[in-house]
Structure formats: C-alpha cells, structure tokens
Amino acid sequence: MTKISCRKIRDMRQTAHPFPMSTERKTLEERAQMSDIERLRHSCAHIMATAILRIWPDAQFAYGPPIENGFYYDFQMAHRVTPDDFEKIEAEMKKITKENQKFEWKGISREEAKAMAESGRLGGLSERPGNPSVFKLDLIDKIPEGEQISCFQNGDFIDLCAGPHVGYSGKCKNVKLTSVSSSFYLGDESKGQLQRLYGTAFPSKEELEAYFVNLEEAKKRDHRKLGKELKLFHIDEDVGQGLILWTPNGAVLRQELQNFIGEELRKQGYSQVFTPHIGKLALYKTSGHFPYYKDAQFPAIIEQDQLEKIAHEGCGCAEMTARLDAVSSQFASQLNERAGREIIGQDRIMDPEKLLDGFLLKPMNCPHHIKIYGSQPHSYRDLPVRLAEFGTVYRWEQSGELNGMTRVRGFTQDDAHLFCTEDQVAAEVLGCLSLVKIVLNTLGMTDYRVRVGLRDPDSSKFTGNPAQWDKAEAACREAAATLGVPFTEEPGEAAFYGPKIDFVIKDVIGREWQLGTVQVDYVLPVRFDLSYNGPDNKPHRPVMIHRAPFGSMERFCGVLIEHFAGHFPTWLAPEQIRILTISEKVDAFAEEIFAQLKEVGLRVTLNNDADKIGAKIRNAQLDKIPYMLVLGEKEAAANSVAVRHSKRGDLGVKSVADFLTEVTAEVKERKL
RNA sequence: GCCGAAGUAGCUCAGUGGUAGAGCAUCGCAUUCGUAAUGCGAGGGUCGCGGGUUCAAAUCCCGCCUUCGGCUCCA
C-alpha cells in the first residue's frame with residue numbers, strides 16, 4: 001500500500017517553504033551556471049570559513065552553498081557560535097577581504113584529495129594532525145567516479161570545492177552575518193548536529209543596506225505582529241499550540257472573505273454542505289488515511305465502553321494500537337476487490353470481536369463529502385455535483401513547524417469536491433481556475449504563478465490507466481494556459497492518483513506561498529465505490545476533483561494581512577469608518593451620522609472622547625481604519641463630513657449623502 | 001521532534017543576588033480643542049510554570065511549557 005489520496009492536496013494547502021532548497025548533488029555543468037551573485041556569496045562562505053578557522057582552528061566544515069538570500073556554511077566545532085560572536089567573525093572576514101586573496105582553482109586526483117582530507121588540510125588553514133576533515137572525506141566519496149575533483153584556495157584556506165568563485169576576496173566586502181542555527185549533515189538526522197552560520201552579501205553597499213531595510217519592512221508586516229496590533233487573532237497556550245482563536249476583528253475579515261467566496265461559488269453552481277468535525281475510523285480506513293498517516297493526526301477518540309472493555313482485559317498500548325489499525329476480513333476483501341489489487345494486507349486483518357472502534361478528528365473533508373454524494377443515486381444528468389464547505393480539519397503538525405496563522409493544527413479549508421464524468425473534467429478544472437482568478441484579482445494578488453503537476457513518465461508510481469491520465473493532464477494543461485499567467489509543467493509532481501494545478505502566490509515582499517490546488521482524483525471514487533447511472537442505464541465511476549483554491553482561511557488570511565500590511569480595503573476592514581468629533585458641541589450631530597451609517601450596514605464607530613482631534617486621527621491611523629470622518633461645527637451646520645482616508649489623506653468635505661453613496665458602492669464593488 | 005535564543009504590567013522594553021521599573025494603553029479629574037500624541041493623578045505584576053542553591057532569587061542551577069530563528073517533517 002502506497003501513500004494515498006489527498007496527500008498532495010494537503011501538502012499544497014498547508015505548505016509554504018519560501019526558500020526551497022535542494023540537497024541533491026549538482027552536476028559540474030549546473031554549478032558552472034552559478035549567477036554572479038551566487039558566485040559572490042559562495043566566495044563569502046569560503047571567507048567566513050577562513051575567518052572561523054583563524055579564531056577556532058578545530059572547526060570542521062561540511063557544506064557551504066549560496067542560497068536565495070545569502071549563503072551559509074555548516075560546520076562542527078567545540079565552541080558554540082552565538083550572535084555575540086558575529087562581530088568578531090565579521091572583523092576577521094573584513095581583514096581577509098582587505099588582504100584581497102586570490103581564489104585559485106586546482107584540479108586534484110581522488111588520492112590527493114583524500115590525503116589532504118585525512119591530514120585535516122582540506123577545509124583547514126594548515127594540516128591538522130589528529131583532526132581529519134571528516135565531512136570532506138565523505139563528500140569526496142560522494143563525487144561520482146570520473147568526475148573532476150577540485151579545490152579552491154584563498155590565502156591559507158583550501159577547500160574541496162567545484163567552484164566557481166570570484167577572482168579575489170576584495171570583491172566580498174559588502175557582507176553581513178545574519179543568523180546562526182543548527183542543521184543535520186546532509187539533512188540526515190542520524191548524522192549528528194552541525195552549526196549553521198548564515199550571512200548575506202551583495203555587490204554594492206547600497207544593495208546590502210536595501211536588503212536590510214527590506215527585511216525591516218517585512219518584519220513590520222509580519223502577520224503575527226499585525227495580528228496582535230490590530231487584534232485579528234489570538235493563540236492561547238491554554239487552548240493549545242497552533243489553534244487559532246479568531247477575535248472579533250479577524251472574524252470580520254474571515255467572514256467577509258467567506259461571503260465573497262460563497263457568492264462566487266453559488267454563481268458557479270456549487271451546493272453548500274455542512275459536515276461534522278469527526279468521523280468514524282472506518283471512514284478513514286476506507287479512504288486509506290488511517291492508520292498510515294497516524295503521526296500527522298490527532299490520536300483517535302476511542303469510545304468509552306470500548307476503553308473500559310480493553311482496560312478490563314488488561315490490554316496494553318501496543319495491543320490497543322493494533323486493534324485500532326486492524327480491519328475485518330470482510331472489510332479488507334471488499335476494498336481489495338474494488339481496487340483490483342491488495343491495498344489492505346493480510347497483516348491488518350483481525351477477528352471482528354477484537355476490533356476497536358473510534359472516531360478521528362477529520363484531517364480532510366473528502367470522505368464526508370463523498371458520503372453525501374453516495375447518500376443517493378445519481379444520474380449522469382445530475383453531474384457534475386459540486387459540494388462546497390468551509391470545512392475545519394485538524395492535523396498534528398510538529399511543534400517546531402507551527403507558525404502564526406500560516407502553519408497551524410486546526411484550520412478551515414475553502415474546500416469543495418466535484419463529482420463528474422470523465423468528459424466533464426476539463427470544463428470543471430477550468431471552472432475551478434476561473435474562481436481562483438476572480439478572487440485573487442479582486443484582492444489585488446496578481447503576482448502568482450501556476451504549476452501543473454504531471455505524472456512521471458518514467459515511473460510506474462501512478463494508478464489508473466494511461467489514457468485517463470493523458471486526458472486529465474491535457475485538461476489541466478489547457479486550463480492553466482487559459483489563465484493568462486505564467487505556468488510551468490512539472491513532470492513527476494502529480495499526485496500518484498491524478499494530475500494537479502497549484503497556485504504559488506508571491507506576497508509584496510517577494511516571498512512565495514503555496515496556497516491552493518486543484519486536483520483530479522481517480523482513486524477515492526473506487527475506494528468508496530461511487531457511481532452514477534449513465535445514458536446506457538449502467539453504473540459508471542465518477543471522477544472526483546478536489547479543490548481548495550486558497551488552502552485554508554488561516555493561511556490565506558495570514559498572507560492577506562501581510563499582503564495589505566494591515567491596510568485592508570474597505571470591504572474587508574473590520575472597522576470601516578471612525579467618526580471623530582472635534583468638540584462635544586457636535587456630539588448630537590455625530591450620533592446622528594453614526595446611526596445613519598450603521599443603518600446601511602457599514603462598520604462604523606464613534607470616538608467622542610475628550611481628546612484633541614490630532615490624537616484621535618493618530619489613533620485611527622494606527623488602527624488602520626480606512627475612513628475617518630472629522631466632525632466639527634462647520635460640518636454640523638452644513639450636514640457634511642470632512643473625510644480623511646488612512647492612505648489617501650484628507651479628501652475634503654462632502655455631503656453626508658455623497659459620502660454614503662461613495663462608500664457603499666466601494667464596499668459593494670469590493671474595490672481595492 | 002532536534003539545535004540555539006527568548007519569556008518581567010494589556011503592549012514595547014529596562015532591571016546580573018538585597019523593598020519590581022519606564023513609556024504607551026486603561027481608569028479618574030481638568031481641558032472643548034480643525035487633520036499623526038493636552039495636562040495632572042491613580043490603578044495594574046506569584047518576573048512563563050515547578051523544583052533546588054542562598055540569610056536573601058526576576059537575577060544562579062535543574063526540569064517542564066510556550067514563542068522565535070533554523071533543521072527535519074508535512075496524507
């Protein structure tokens with residue numbers, strides 16, 4: 001049994017690796033294509049290593065590549081580097097750039113390389129008897145037979161390295177260390193911990209400074225910071241890690257988004273459904289998610305009488321687990337028969353008497369929607385059936401992986417499952433994409449790309465027949481092409497049960513976030529034995545499309561907060577208008593306007609505190625309220641409002657009627 | 001989960017063994033003011049939690065929890 005079903009969907013819905021890194025070995029040709037800035041940064045890594053060795057000669061270096069925003073070097077030594085050491089290391093690096101050392105390439109034989117590593121010379125400033133370059137020895141062994149082995153030398157430092165490098169160390173003066181952390185050698189946990197020191201470097205001082213200014217900007221828009229300042233959400237220790245409490249302001253944001261998405265779904269013929277937060281284990285045994293993804297789920301909820309029964313029997317943990325995981329022989333043979341192969345092995349079959357039953361917090365919504373589809377017979381005339389739900393799911397993400405709203409343990413997907421005929425797949429995929437496009441355009445998130453995941457032609461790791469795949473892949477490809485945004489086709493990136501389309505959205509500071517996905521699935525309809533009655537009056541298997549265009553409301557709102565830097569367009573703003581009085585002489589007039597705006601459904605508050613107008617404006621600006629209405633005696637006399645916008649400044653005096661018309665239109669049209 | 005750092009008032013932070021501090025926010029009083037901070041006063045903390053060392057712990061030691069930066073993982 002291989003991993004099944006919504007795996008990739010979930011991956012896309014939840015994952016965001018802004019800087020994906022590959023530990024795969026690059027070929028010499030690929031290395032030679034290093035860009036100028038990568039070359040510079042890679043040289044900086046060597047200079048940093050040189051500096052570290054001058055201070056701590058025992059350091060053993062592993063791997064030091066350039067990365068998206070800088071470079072790092074992994075190493076091992078007795079001293080633990082802390083940010084307090086940065087100044088010292090940077091000072092030494094500065095000396096090395098001043099020395100303007102030449103980077104010299106030297107081809108060496110495997111034997112020479114090994115000898116240099118044995119003596120500790122490789123990745124060192126001199127021979128270090130008794131301290132062989134262990135990582136370099138291992139790296140040499142990983143170089144394929146016949147490939148040129150080379151080293152680079154700058155000053156006394158010689159490193160096993162394919163290059164390329166800048167000519168002289170003098171080029172590397174605009175460099176700064178950024179952080180220190182730990183890593184595993186080649187990402188392998190069993191190989192022990194290394195220290196990883198990160199830095200960044202640019203060709204010019206201006207670019208280096210701009211990078212840090214940009215970083216500061218990024219920190220200001222961090223959704224965790226803004227979430228607190230604007231009171232959008234709260235995470236409470238006593239509730240649990242990774243569980244979002246949507247506070248009133250955040251709830252407005254989410255509700256408005258859901259209303260918007262819901263409106264579009266109705267236009268596209270979706271049916272709204274609601275399903276519970278738990279389901280019986282059998283449901284997930286059928287889908288294949290239990291017990292295979294147990295580690296990523298909250299543990300099963302076991303029924304009280306069953307718990308008592310096993311406690312009475314004196315049954316241990318291991319036995320309990322086995323009984324939970326197991327199925328009856330009838331269950332297994334049914335499923336195996338439907339699949340046409342053994343997907344549940346003999347080892348999981350147990351005497352029904354012994355089986356334990358229970359519930360699972362749902363880790364995805366598909367099985368529940370499938371059961372709704374299956375609850376009544378369908379004619380081909382009814383298809384496609386499109387079931388949508390803002391469905392909350394729970395997953396046991398590792399504690400170290402949790403992050404604000406973007407990586408959580410309970411989240412609500414803007415989920416839907418479409419059940420259609422094979423011929424309808426193309427049109428339905430297209431429909432899903434157009435929905436995404438409408439929503440992203442409305443939010444001004446225009447900087448995104450699309451990835452079409454196709455099956456790996458050289459692999460047999462996909463189920464279903466090739467003709468089906470060809471059709472579905474063509475549908476995805478064509479659908480993506482209609483979007484009018486760049487898309488890439490990535491063979492081998494499909495889920496094994498069907499091709500998919502992913503949305504990768506770039507936020508304002510250039511970070512990429514994988515949010516939604518549209519995914520064709522031929523497997524779950526089989527496992528759940530779904531059917532529809534065809535024109536030939538015979539049962540046919542529907543095709544399922546899973547789609548969650550925004551992934552989760554949590555992640556999407558997190559990205560949205562950063563996208564707008566907290567300055568939401570009026571239709572999304574938790575507080576749209578704040579009335580600010582100049583003195584209490586206009587309190588009655590202000591109350592009148594307040595009531596009038598509230599009456600038409602605008603989210604408005606009244607600030608008639610004894611503060612000066614400057615202070616009131618300042619507070620409203622800090623709260624990022626789109627509209628401020630400044631009311632004084634002049635306005636009261638003319639039944640007008642002095643309008644100030646948080647981003648556009650003073651917009652002058654308008655009649656109350658004009659303002660109302662403008663703002664209601666702005667909200668209704670969801671203007672940016 | 002792993003490595004490292006951090007956790008002091010609602011928020012941002014100061015306080016390195018000797019009576020817990022500031023600014024903002026909150027509350028009260030005065031002020032009635034025209035586009036980013038009016039003045040004065042008051043309240044507010046089991047210094048993340050639990051142990052230990054000490055005459056004495058926010059401060060030193062140990063364990064745990066949470067957060068952050070990475071790593072690993074992500075159906």
Side-chain angles (χ1 to χ4, degrees), chain A residues 2-17 19 21 23 67 72 74 80-84 178-198 219 222 224-225 228-229 231 234-242 284 287-297 363-364 366 393 395-404 407 409 495-497 514 524 546 580-587 608-623 628-635 642-646 649-653:
Chain A
T2 47
K3 295 192 174 186
I4 193 139
S5 185
C6 306
R7 172 180 170 198
K8 287 290 176 181
I9 288 187
R10 301 253 303 253
D11 190 26
M12 296 299 93
R13 289 175 192 178
Q14 270 280 284
T15 305
H17 283 298
F19 314 121
M21 270 179 274
T23 49
I67 52 174
Y72 68 81
D74 281 348
R80 271 226 159 261
V81 175
T82 70
D84 296 339
T178 51
S179 68
V180 61
S181 73
S182 78
S183 66
F184 298 116
Y185 178 58
L186 301 176
D188 184 346
E189 204 170 331
S190 65
K191 299 255 169 70
Q193 292 271 342
L194 300 175
Q195 304 191 53
R196 175 173 294 182
L197 189 50
Y198 287 89
K219 276 189 199 156
D222 189 314
R224 292 168 300 192
K225 180 177 148 71
K228 199 178 273 182
E229 286 172 1
K231 303 190 183 69
H234 173 64
I235 299 172
D236 195 281
E237 277 189 36
D238 290 341
V239 173
Q241 300 177 267
Y284 302 99
S287 73
H289 290 95
F290 191 84
Y292 300 99
Y293 301 109
K294 239 179 352 192
D295 290 351
Q297 291 164 354
M364 81 291 301
C366 358
V393 297
R395 295 173 195 172
W396 190 259
E397 301 291 342
Q398 291 190 68
S399 60
E401 202 54 48
L402 298 170
N403 179 281
R407 193 75 186 267
R409 283 184 172 163
F496 69 93
Y497 55 82
Q514 291 176 359
L524 283 185
H546 308 247
L580 314 175
T581 54
I582 287 178
S583 79
E584 61 188 24
K585 288 175 201 149
V586 293
D587 274 3
N608 56 3
D609 291 350
D611 285 330
K612 288 179 25 175
I613 193 67
K616 292 185 187 182
I617 287 173
R618 180 183 145 83
N619 288 332
Q621 282 292 151
L622 291 175
D623 290 343
M628 288 155 263
L629 298 184
V630 177
L631 301 189
E633 291 180 273
K634 276 183 272 181
E635 288 75 19
V643 184
R644 182 189 162 99
H645 188 269
S646 67
D650 195 342
L651 300 181
V653 178

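Order of the sequence lines sets the chain letters (A, B, ...), proteins ahead of strands, with each chain counted from 1.
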Q: Could you give the distance separating B:G7 and B:G15 at their C1' atoms, to the nearest angstrom?
A: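 Here B:G15 and B:G7 have their C1' atoms 15 Å from each other.
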
Q: Please tell me which of A:G632 and A:G400 maps to the more 5' nucleotide of RNA chain B, matching each residue to the nucleotide holding its nearest heavy atom.
A: A:G400

Q: Between protein and nucleotides 30-33 of chain B, what N or O pairs are separated by less than 3.5 Å?
A:
from: B:U32; atom 1: O2; to: A:E584; atom 2: N; distance (Å): 2.9
from: B:U32; atom 1: N3; to: A:E584; atom 2: OE1; distance (Å): 3.4
from: B:U32; atom 1: O4; to: A:E584; atom 2: OE1; distance (Å): 3.0
from: B:C33; atom 1: OP2; to: A:K585; atom 2: NZ; distance (Å): 2.7
from: B:C33; atom 1: N4; to: A:A610; atom 2: O; distance (Å): 2.4

Q: Once you apply a heavy-atom cut-off of 4.0 Å, does A:D295 come out as touching a base, just sugar-phosphate, or nothing?
A: nothing

Q: Both distances under 3.5 Å, Watson-Crick or G-U wobble: report the partner of B:U46, or none.
A: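 For B:U46, the partner nucleotide comes out as none, under the 3.5 Å rule.
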
Q: Taking only the side-chain heavy atoms of A:R407 (C-beta and beyond), determine which of B:G1, B:G69, B:C74 contains the nearest atom.
A: B:C74

Q: Just by distance, do the side chain of A:K616 and the backbone of A:D609 share a donor-acceptor pair under 3.5 Å?
A: yes

Q: Which nucleotide, in any strand shown, forms a Watson-Crick or G-U wobble pair with B:G17, with both distances under 3.5 Å?
A: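 Pair assignment: B:G17 / none.
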
Q: So which protein N/O to nucleotides 3-6 of chain B N/O distances come out below 3.5 Å?
A:
from: B:C3; atom 1: O4'; to: A:Q193; atom 2: OE1; distance (Å): 3.2
from: B:C3; atom 1: O4'; to: A:Q193; atom 2: NE2; distance (Å): 3.4
from: B:C3; atom 1: O2'; to: A:R80; atom 2: NH2; distance (Å): 3.4
from: B:C3; atom 1: O2; to: A:S182; atom 2: OG; distance (Å): 3.1

Q: Using the C1' atom on both, measure B:C74 against B:G4 and round to a whole Å.
A: 23 Å

Q: Within this structure, what is the CD-to-C1' distance between A:E229 and B:U12, rounded to whole angstrom?
A: 10 Å

Q: What is the distance, rounded to the nearest whole Å, between atom NZ of A:K219 and atom C1' of B:C68?
A: 11 Å

Q: Applying side-chain contact (heavy atoms from CB on, under 4.5 Å) to A:L524 and A:H546, what does each step give before you reach the verdict?
A: CA-CA 11 Å; A:L524 283 185; A:H546 308 247; 3.9 Å; yes

Q: How many Å lie between CG on A:L622 and P on B:A37, as a whole number?
A: 10 Å

Q: Could you work out the separation of B:G23 and B:A42 based on their P atoms and round it to a whole Å?
A: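 It comes out at 12 Å once rounded to the nearest Å.
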
Q: What's A:E237 touching, base or sugar-phosphate or nothing? Going by heavy atoms closer than 4.0 Å.
A: sugar-phosphate

Q: Got A:L629 and A:V643 here, is their nearest side-chain heavy-atom distance under 4.5 Å?
A: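 A:L629 reaches A:V643 side chain to side chain.
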
Q: Mind checking if A:A642 touches a base, just sugar-phosphate, or nothing, with heavy atoms under 4.0 Å?
A: base

Q: Taking the C1' atom in each of B:G45 and B:U8, what is the distance between them to the nearest angstrom?
A: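 Straight-line distance between the two C1' atoms is 8 Å.
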
Q: CD of A:Q241 versus C1' of B:G1: gap in Å, rounded?
A: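 So the two atoms are 11 Å apart, to the nearest Å.
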
Q: Between A:R224 and B:G69, is there a side-chain N or O to OP1/OP2 distance below 4.0 Å?
A: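 A:R224 to B:G69 OP1/OP2: side-chain N or O found under 4.0 Å.
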
Q: Closest approach of A:Q241 and A:L402, non-hydrogen atoms and distance?
A: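 Looking at all heavy atoms of both residues, the shortest contact is CB-CD1, 3.5 Å.
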
Q: Taking the P atom in each of B:A57 and B:C49, what is the distance between them to the nearest angstrom?
A: 15 Å

Q: Which value, in whole Å, describes the distance between the P atoms of nucleotides B:A37 and B:C3?
A: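 B:A37 and B:C3 have their P atoms separated by 49 Å.
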
Q: B:A25 P sits how many Å from A:K228 NZ, rounded?
A: 18 Å

Q: How far does the P atom of B:G48 sit from the matching atom of B:U12, given to the nearest Å?
A: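 Pairwise P distance, B:G48 against B:U12, rounds to 14 Å.
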
Q: Would you kindly give the CD-to-P distance between A:Q398 and B:G70, to the nearest whole Å?
A: 16 Å

Q: Quote, to the nearest angstrom, the P distance that separates B:U59 from B:U67.
A: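 After rounding to an integer number of Å, I get 23 Å for this pair.
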
Q: Return the pairing partner of B:C60 with a 3.5 Å limit on both distances, Watson-Crick or G-U wobble; otherwise return none.
A: B:G52

Q: Report the base-pairing partner of B:A22 (Watson-Crick or G-U wobble, both distances below 3.5 angstrom), or none.
A: B:U12

Q: A:R409 CZ to B:U67 P: how many Å, rounded?
A: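 After rounding, the gap between these two atoms is 9 Å.
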
Q: Counting only N and O atoms by type, is there a donor-acceptor contact under 3.5 Å from the side chain of A:R395 to the main-chain atoms of A:P363?
A: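 Yes, A:R395 side chain to A:P363 backbone: donor-acceptor pair under 3.5 Å.
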
Q: Round to the nearest Å and state the distance from A:K294 atom NZ to B:C73 atom C1'.
A: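 Atom-to-atom, A:K294 to B:C73, this comes out as 18 Å.
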
Q: Using a 3.5 Å distance criterion without hydrogens, assess whether the side chain of A:E633 forms a donor-acceptor pair with backbone atoms of A:V586.
A: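 The answer is no, because no donor-acceptor pair under 3.5 Å joins these two groups.
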
Q: Please determine if a side-chain N or O atom of A:N619 lies less than 4.0 Å away from the OP1 or OP2 oxygen of B:C24.
A: no

Q: May I ask which nucleotide in the shown strands pairs with B:C27, Watson-Crick or G-U wobble, both distances under 3.5 Å?
A: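 Partner of B:C27: B:G41.
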
Q: Mark yes or no for a side-chain to base donor-acceptor pair under 3.5 Å between A:E397 and B:G1, with no hydrogen or angle criteria applied.
A: no

Q: Could you tell me the Watson-Crick or G-U partner of B:C68, where both distances fall under 3.5 Å? Say none if there is no partner.
A: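 Across all strands, the one nucleotide that pairs with B:C68 is B:G4.
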
Q: So, does A:R196 use its side chain to make a donor-acceptor pair with the main chain of A:D74 at under 3.5 Å?
A: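 Answer holds: no.
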
Q: How would you label the contact of A:K616 with the nucleic acid (heavy atoms, under 4.0 Å): base, sugar-phosphate, or nothing?
A: nothing

